[in-house]
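Please read the structure below before turning to the comments.
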Amino acid sequence: MRAFSIQYGLVPRLPVCSWQTFSGPPDKPLAAVTDHASAITTTSGRAAILLALKTVGVRPGQRVLVPTYHCPTMISPAQALGAAIMFYPVNDTGGADMAWLSRADTEGVRAMLAAHFFGIPQPMKKLRAWCDARGIALIEDCAHAFFGCSDGEPVGTWGDFAIASLTKFFPLNEGGLLLSARAGLKADQRAPRGFYDEAKTLLDALELAATHERLAGFNRLWQMILRVKNSLRTPGEEAPATPPGSVLMKEDARPMTRTAQWIYRHANTARIIERRRRHYQSLVTKLHHKRRLTALIPHLPDECAPYVMPLFAQSPETLYARLRAAHLPVFRWCQVWPGMPALPGDAGRVWSRHVLQLGCHQDLSDEDIAHIADMITA
């Protein structure tokens with residue numbers, strides 16, 4: 001069945017529900033962003049960034065520091081609030097370039113977004129001190145790093161606020177968190193989601209699981225139900241395109257469904273951490289220094305659970321297109337925000353062209369990992 005899945009492009013790009021999702025030892029071996037922080041739920045990591053900026057009090061015209069290596073969803077919340085975007089360079093390990101920051105004019109800077117790229121925790125102690133000395137609110141972007149430690153403390157505890165993206169680590173079609181270990185968050189006053197949204201969350205999870213043949217004994221039944229459902233679906237008009245950086249959709253301000261919260265709270269985190277680390281190391285072994293390819297971070301730190309394995313490719317365009325055409329779990333942040341300056345010593349702009357993010361999540365099999373590596377080296 002796995003050969004069938006690979007042949008027809010059913011290698012999952014992100015985690016998928018299965019019987020194994022909720023089985024196994026209950027104890028996780030690493031700290032998580034939720035361990036020492038109060039939290040409120042959102043529909044996505046992007047929505048959590050928006051709420052963080054609002055909570056900090058970012059006003060139109062104030063500046064927000066963001067890294068040169070980014071996806072548009074990291075930038076659009078600040079632009080939606082009318083903030084001025086100020087890019088800072090990242091070094092060759094993904095951390096903020098502290099030398100550049102020490103020379104920068106920070107007049108009017110209200111907040112800074114600092115990310116743990118690829119799920120590899122970045123040092124935060126010096127950055128925390130730098131922000132404190134200038135009265136800048138630090139928003140710790142843990143979208144890629146739900147688990148792990150930075151400078152001896154759990155990720156998410158260094159920022160005034162932290163954000164997390166649950167869809168990257170758990171089998172969910174929505175989910176984000178706004179967290180704070182330093183300032184208590186007000187009790188969530190938003191109305192819970194309705195029955196339709198709760199049912200849709202559950203059915204979407206089951207649909208994805210059945211599509212990827214993950215519910216032994218129930219796959220055929222669910223596939224039959226889905227065929228009937230899809231045959232009754234009425235094609236709708238395409239939604240108008242939303243330009244990058246425009247005001248975020250209103251549903252982004254809603255809480256997660258209770259169904260999604262139950263799934264992420266009951267998923268076996270020890271399995272998530274162990275399998276992600278194993279898949280990451282396997283990809284490094286198979287691809288590091290092979291055919292003009294280099295694992296960007298060949299040695300995985302102990303205190304982390306990776307989101308992806310970053311692969312530096314000398315000629316990425318054709319390779320990326322072929323991997324996407326084969327429906328394999330690969331991502332690339334090649335869309336640089338308009339107007340981003342070229343900064344001296346910046347690794348971010350180089351990464352945006354050359355770095356491929358290879359999926360290593362827990363619901364890939366060893367066969368999937370081998371297939372991904374074979375496709376790349378071929």
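Nothing fancy with the numbering, it's 1 onward along the sequence.
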Non-hydrogen side-chain atoms of M74 and V66 separated by less than 4.5 Å: no
Aromatic plane relationship, W351 with Y69 - under 30° parallel, 30 to 60° tilted, over 60° perpendicular: perpendicular
Side chains of I120 and P301 in contact at under 4.5 Å (non-hydrogen atoms): yes
Residue pair E303 / S150, side-chain heavy-atom distance below 4.5 Å: no
Pairwise distance CG(L138) to CZ(F161) - rounded to 0.5 angstrom: 11.0 Å
Other residues, nucleotides, ligands: >12 heavy atoms within 6.0 Å of R322 CZ: no
Stepwise side chain to side chain contact (heavy atoms under 4.5 Å, CB included) check, V330 with L358: CA-CA 5 Å; V330 57; L358 305 183; 3.8 Å; yes
R324 and Y320: side chain donor to acceptor below 3.5 Å: yes
Sub-4.5 Å side-chain heavy-atom contact between M112 and L101: yes
Min side-chain heavy-atom separation R190-I40 under 4.5 Å: yes
Non-hydrogen atoms of H279 and L364 that approach each other most closely: NE2-O, 2.9 Å
Side chain to side chain donor-acceptor pair (under 3.5 Å) partners of residues 94-120, not counting sequence neighbours, each pair once: H116-E140
Side-chain heavy-atom pair R193, E174 within 4.5 angstrom cut-off: yes
Check against side-chain hydrogen bond (donor to acceptor under 3.5 Å, both in side chains), S365 and E367: CA-CA 5 Å; S365 66; E367 185 179 12; 4.7 Å; no
Test log, rule side chain to side chain contact (heavy atoms under 4.5 Å, CB included), inputs T294 and H289: CA-CA 5 Å; T294 306; H289 292 323; 4.0 Å; yes
Aromatic ring pairing F170/F146, orientation class (parallel under 30°, perpendicular over 60°, tilted between): perpendicular
Taking only distance into account, with no hydrogens and no angle test, what donor-acceptor pairs under 3.5 Å do side-chain atoms of residues 48-60 form with protein atoms, sequence neighbours excluded?
unit_1	atom_1	unit_2	atom_2	d
T55	OG1	L51	O	2.7

Aromatic plane relationship, W333 with F117 - under 30° parallel, 30 to 60° tilted, over 60° perpendicular: perpendicular
Donor-acceptor contact present, side-chain R275 to main-chain D363, <3.5 Å: no
Donor-acceptor under 3.5 Å (H361 side chain, P12 main chain): yes
Partner of R128 by side chain to side chain donor-acceptor pair (under 3.5 Å), out of D151, T157, D160: D160
Student check: side-chain heavy atoms of C142 and F147 closer than 4.5 Å: no
Rounded distance (nearest 0.5 Å) linking atom CD1 of I369 with atom CG of L283: 4.5 Å
Parallel, tilted or perpendicular: rings of Y307 and H144 (30°, 60°): tilted
Min side-chain heavy-atom separation M309-F118 under 4.5 Å: no
Side-chain H-bond candidate by donor/acceptor type, T259 with T201, under 3.5 Å: no
Sidechain N-carboxylate O distance under 4.0 Å for E207, K200: no
